[in-house]
Amino acid sequence: MNIKIYNTLSKKKEILKPLEEGHVRLYVCGITSYDWCHIGHARSALVFDMAVRYLRWRGFQVTFVRNFTDIDDKIINRANEQGVDSKELAERFIAEFYTDMDALGALRADIEPKATEHIPEMIALIGQLIERGLAYPAGGDVYYRVRSFADYGCLSGRKFEEMQAGARVDVNEQKEDPMDFVLWKGAKPGEPKWSSPWGEGRPGWHIECSAMSRKYLGATFDIHGGGMDLIFPHHENEIAQSVGANCQPFARLWMHHGFVTVKEEKMSKSLGNFLTIREVLKQWPAEVLRLFLFSTQYRNPLDYNETALRDAETGLDRIYDCLAKIAALDEKAGGVEQPRLSGKEREKIAGLREQFAAAMDNDFNTAQALGQLFDAVKLLNKAARLLLDQPGNAEDLAALRQGAADLRELGAILGLLGQNPADYLRRKKEKLLAAVSLTEAQINELIARRNAARERKDWVASDAVRDELLTHKIEMQDGPEGTTWSVKVL
RNA sequence: GGCGACGUAGCCAAGUGGUAAGGCAGAGGUCUGCAAAACCUUUAUUCAGCGGUUCAAAUCCGCUCGUCGCCUCCA
């Protein structure tokens, strides 16, 4: 088994070989908890949720750590704006984060450390950096002496000269060099503070990840992940801190996911175009959002728009339709001798797991993996149709059931197809019905009227009923089991 | 200005040296009283453009054009 993952550090796909065989240690940068999570956060959460589920499905033990930044300038500023305590604010948005994650069906990380609960670890780490001459106290703050760290820039591919050419860093007289970054900030009046050898203050942003990853995963561990915007400076600085303090390699593989854009622009507070998870889930079920997010490989940018989400929903419906059909087939297993599925078709159904895994092994290529799922749906639909006409052969049914079970098992890796297919379709119908001006009883009455007309072969009357229903966006399907209806989207 | 990514059908999106997955939308057909759903067939001689390497390139190299991101808090 070879799982290849793109490593930002080497700019190549590399075969995943955990330090400890069979055990992957993963650290992901979580949120700064001062505001509602947006769909960019959802992408981050779901990408790593998928990666963890897949690695586990593949038989790895995974230790997944994702932190909360619960002390930071943004939190303090927001708390001041709202006249609340910064700790209270941070706690509140951690709770909201969990609500969102639950709504998305995202697994909890195994360890979810908070920065404020690891101040001693950070202080120890800063102390080590000072000892090694890589950091210096200045006026109540402590800074990292970036030029003393030879590999600075190795992750983002930057060189000092280049960075300085375009640097837009604040002028700060306390720093020896404008590129130096803060490890410890001396407290200003009224700010939250902890005591330290350098006076009262609080940690800089980057130090928490170095301290907490070391505590829970060790100085060197397998994968460190986050959004692409964290490459510089956050992850670059983490490397400087961790390698500088530990004198051994830090994360061996860096995984960075692409952004969600809205109308081709990066979401940002300043542009006012960010969409919260809460808002999006009001409009679309979590599985639709997941299917949408996984329709593109995680490193590529992804544009959020109505059309894309609608397409995703149509696709999801199609898979559930297929599963529901097969479930219904189960109930009328027949005793026909001859299998109707060819050996080749049977093989293809059985090969789904392997095909899916091949796609996922290639840097979690969910787009390709979904393609395999849809291929299987097509095949299963075809087979189900064959069996629907006549009593099924037991072997065929077994193949179909296995195919459906595989579909659901693989879907679960992406957090999809977790619902009972019949329930999913019923719920969807109810939701759509709520937006339509007819009740189910009224619809059934009209259908009965139409069927009576069809009995008489009064096609004019029959079509009139259908047209009437269509004005209410109700569409009928005449099947062997009678007439069913659905709400037409659009 | 520096660094990096991307540009594949109407739209979304795989494919990274061997002759273009998949989804959505569209067209034709089977089924149906007619429909719908499902299924079948079909929709890129071509992968931004131009050169080069190779028996062979969407895939490698160079240049041009275009889009986006990072360099400041950011998933």
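All values below were derived from every heavy atom in this structure, side-chain atoms included, with hydrogens, water molecules and symmetry-related copies excluded. In what follows, chains are A, B, ... by sequence order, proteins preceding strands, each numbered from 1. Owing to the predicted nature of the structure, the values given are computational and were not obtained by experimental measurement.
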Peer 1: When you measure from the side-chain N and O atoms of A/Asn381 to the phosphate of B/A38, is any distance below 4.0 Å, counting only OP1 and OP2?
Peer 2: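 Checking B/A38 against A/Asn381, no side-chain N or O comes under 4.0 Å of OP1 or OP2.
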Peer 1: Between side-chain atoms of residues 444-453 of chain A and protein atoms elsewhere (two or more places apart, or another chain), which donor-acceptor pairs fall under 3.5 Å?
Peer 2:
from     : atom 1 : to       : atom 2 : distance (Å)
A/Asn444 : ND2    : A/Glu440 : O      : 3.4
A/Arg450 : NH1    : A/Asp478 : OD1    : 3.3
A/Arg450 : NH2    : A/Asp478 : OD2    : 2.9
A/Asn451 : OD1    : A/Arg454 : NH1    : 3.0
A/Asn451 : OD1    : A/Thr483 : OG1    : 3.4
A/Asn451 : ND2    : A/Thr483 : OG1    : 3.4

Peer 1: State the pairing partner of B/C34; accept Watson-Crick or G-U wobble contacts with both distances under 3.5 Å, and report none otherwise.
Peer 2: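 Check on B/C34: unpaired, no WC or wobble geometry under 3.5 Å.
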Peer 1: For a quick check of understanding: with a heavy-atom distance under 4.0 Å over all strands, which category does A/Arg158 fall into, base, sugar-phosphate or nothing?
Peer 2: base
Peer 1: With a 3.5 Å cut-off and no angle check, do the side chains of A/Thr484 and A/Gln477 form a donor-acceptor pair?
Peer 2: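 Yes, because at least one side-chain N or O of A/Thr484 sits under 3.5 Å from a partner of the opposite role on A/Gln477.
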Peer 1: What's touching nucleotides 35-37 of chain B from the protein side, N or O pairs under 3.5 Å?
Peer 2:
from  : atom 1 : to       : atom 2 : distance (Å)
B/A35 : N6     : A/Asp478 : O      : 3.3
B/A35 : N1     : A/Asp478 : N      : 2.9
B/A36 : O2'    : A/Gln477 : NE2    : 3.3

Peer 1: Tell me what A/Ser295 touches on the nucleic acid: a base, only sugar-phosphate, or nothing, going by heavy atoms under 4.0 Å.
Peer 2: sugar-phosphate
Peer 1: Using a heavy-atom cut-off of under 4.0 Å over every strand shown, decide if A/Val47 touches base, sugar-phosphate, or nothing.
Peer 2: nothing
Peer 1: Regarding A/Glu287 and A/Tyr320, is there a side-chain donor-to-acceptor distance under 3.5 Å anywhere?
Peer 2: yes
Peer 1: Taking the ring of A/Phe64 and the ring of A/Tyr27, is the distance between their centroids below 6.0 Å?
Peer 2: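 No: the rings miss the under 6.0 Å criterion.
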Peer 1: Do A/Tyr298 and A/Asn365 meet the criterion of a side-chain donor-acceptor pair at a distance under 3.5 Å?
Peer 2: no
Peer 1: Give me the distance, rounded to whole Å, that separates B/C61 from B/A5 when you measure between the P atoms they each carry.
Peer 2: 11 Å
Peer 1: Do other residues, nucleotides or ligands put more than 12 heavy atoms under 6.0 Å from the CD atom of A/Glu455?
Peer 2: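 Open.
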Peer 1: Identify the nucleotide, in any strand shown, that forms a Watson-Crick or G-U wobble pair with B/G10, with both distances under 3.5 Å; if there is none, say none.
Peer 2: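 Because both required distances fall under 3.5 Å, B/G10 counts as paired with B/C24.
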Peer 1: Pairs in or reaching into residues 369-381 of chain A: which pass side chain to side chain donor-acceptor pair (under 3.5 Å), with residues at least two apart or in two chains?
Peer 2: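 Sorted result for residues 369-381 of chain A: A/Lys325-A/Asn381.
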Peer 1: With no hydrogens and no angle check, just 3.5 Å: does a side-chain donor-acceptor pair link A/Asp177 and A/Tyr143?
Peer 2: no
Peer 1: What is the nucleic acid contact for A/Asn300, judged by heavy atoms within less than 4.0 Å: base, sugar-phosphate only, or nothing?
Peer 2: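 Sugar-phosphate, no base atom in range.
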Peer 1: Can you find a side chain N or O atom of A/Arg318 that sits less than 4.0 Å from OP1 or OP2 on B/C24?
Peer 2: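 The answer is yes; a side-chain N or O of A/Arg318 sits under 4.0 Å from OP1 or OP2.
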Peer 1: Assess, by modelled atom type and distance only, whether the side chains of A/His38 and A/Thr276 contain a donor and an acceptor separated by less than 3.5 Å.
Peer 2: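 Side chains of A/His38 and A/Thr276: no pair found under 3.5 Å.
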Peer 1: Flag the pair A/Tyr144 / A/Tyr152 as yes when their ring centroid distance falls below 6.0 Å, and as no otherwise.
Peer 2: no
Peer 1: What contact category does A/His234 fall into here, base, sugar-phosphate, or nothing, at under 4.0 angstrom with non-hydrogen atoms?
Peer 2: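 No contact at all - A/His234 keeps every heavy atom at 4.0 Å or more from the nucleic acid.
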Peer 1: Quick one, which residues of residues 105-113 of chain A touch RNA chain B with a heavy atom under 4.0 Å?
Peer 2: none
Peer 1: Is it true that a side-chain atom of A/Arg290 and a backbone atom of A/Gly105 form a donor plus acceptor pair closer than 3.5 Å?
Peer 2: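 Yes, A/Arg290 side chain to A/Gly105 backbone: donor-acceptor pair under 3.5 Å.
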Peer 1: What is the distance, rounded to the nearest whole Å, between atom NZ of A/Lys12 and atom P of B/G4?
Peer 2: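 Checked: the NZ to P distance equals 15 Å.
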Peer 1: In residues 359-379 of chain A, which ones come under 4.0 Å of RNA chain B, going by heavy atoms?
Peer 2: A/Asn362, A/Asn365, A/Ala367, A/Gln368, A/Gly371, A/Phe374, A/Asp375, A/Lys378
Peer 1: Would you check if there is a donor-acceptor pair between the side chains of A/Thr32 and A/Asp72 at a distance under 3.5 Å?
Peer 2: no
Peer 1: If B/U54 has a Watson-Crick or G-U wobble mate with both distances under 3.5 Å, name it; if not, just say none.
Peer 2: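 With both distances under 3.5 Å required, B/U54 matches none.
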Peer 1: According to the Watson-Crick and G-U wobble definitions, with both distances under 3.5 Å, which nucleotide is paired to B/G4?
Peer 2: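 Paired with B/C68.
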Peer 1: Across the strands shown, which category fits A/Gly40 at heavy-atom distances under 4.0 angstrom: base, sugar-phosphate, nothing?
Peer 2: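 A/Gly40: base contact, heavy atoms under 4.0 Å.
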Peer 1: Would you please indicate if the ring centroids of A/His256 and A/His235 are separated by under 6.0 Å?
Peer 2: yes
Peer 1: Take the protein atom CG of A/Leu400 and the nucleotide atom P of B/C39, then report the distance between them rounded to whole Å.
Peer 2: 13 Å
Peer 1: Side chain of A/Lys11 only, heavy atoms from C-beta on: which candidate in B/A75, B/C24, B/G4 is closest?
Peer 2: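 Among B/A75, B/C24, B/G4, the one nearest the side chain of A/Lys11 is B/G4.
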Peer 1: Between A/Asn67 and A/Gly30, is there a donor-acceptor pair closer than 3.5 Å when you use the side chain of the first and the backbone of the second?
Peer 2: yes
Peer 1: Listed in order of residue number, which residues of residues 457-465 of chain A have a non-hydrogen atom at under 4.0 Å from RNA chain B?
Peer 2: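 Of all residues in residues 457-465 of chain A, the ones placing a heavy atom under 4.0 Å from RNA chain B are A/Trp459, A/Ser462, A/Asp463.
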Peer 1: Need the pair for B/U19. Rule: Watson-Crick or G-U wobble, both distances under 3.5 Å, any strand; none if unpaired.
Peer 2: none
Peer 1: Could you check whether any side-chain N or O of A/Asp49 sits under 3.5 Å from a backbone N or O of A/Leu107, counting only pairs where one atom can act as donor and the other as acceptor?
Peer 2: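 Present.
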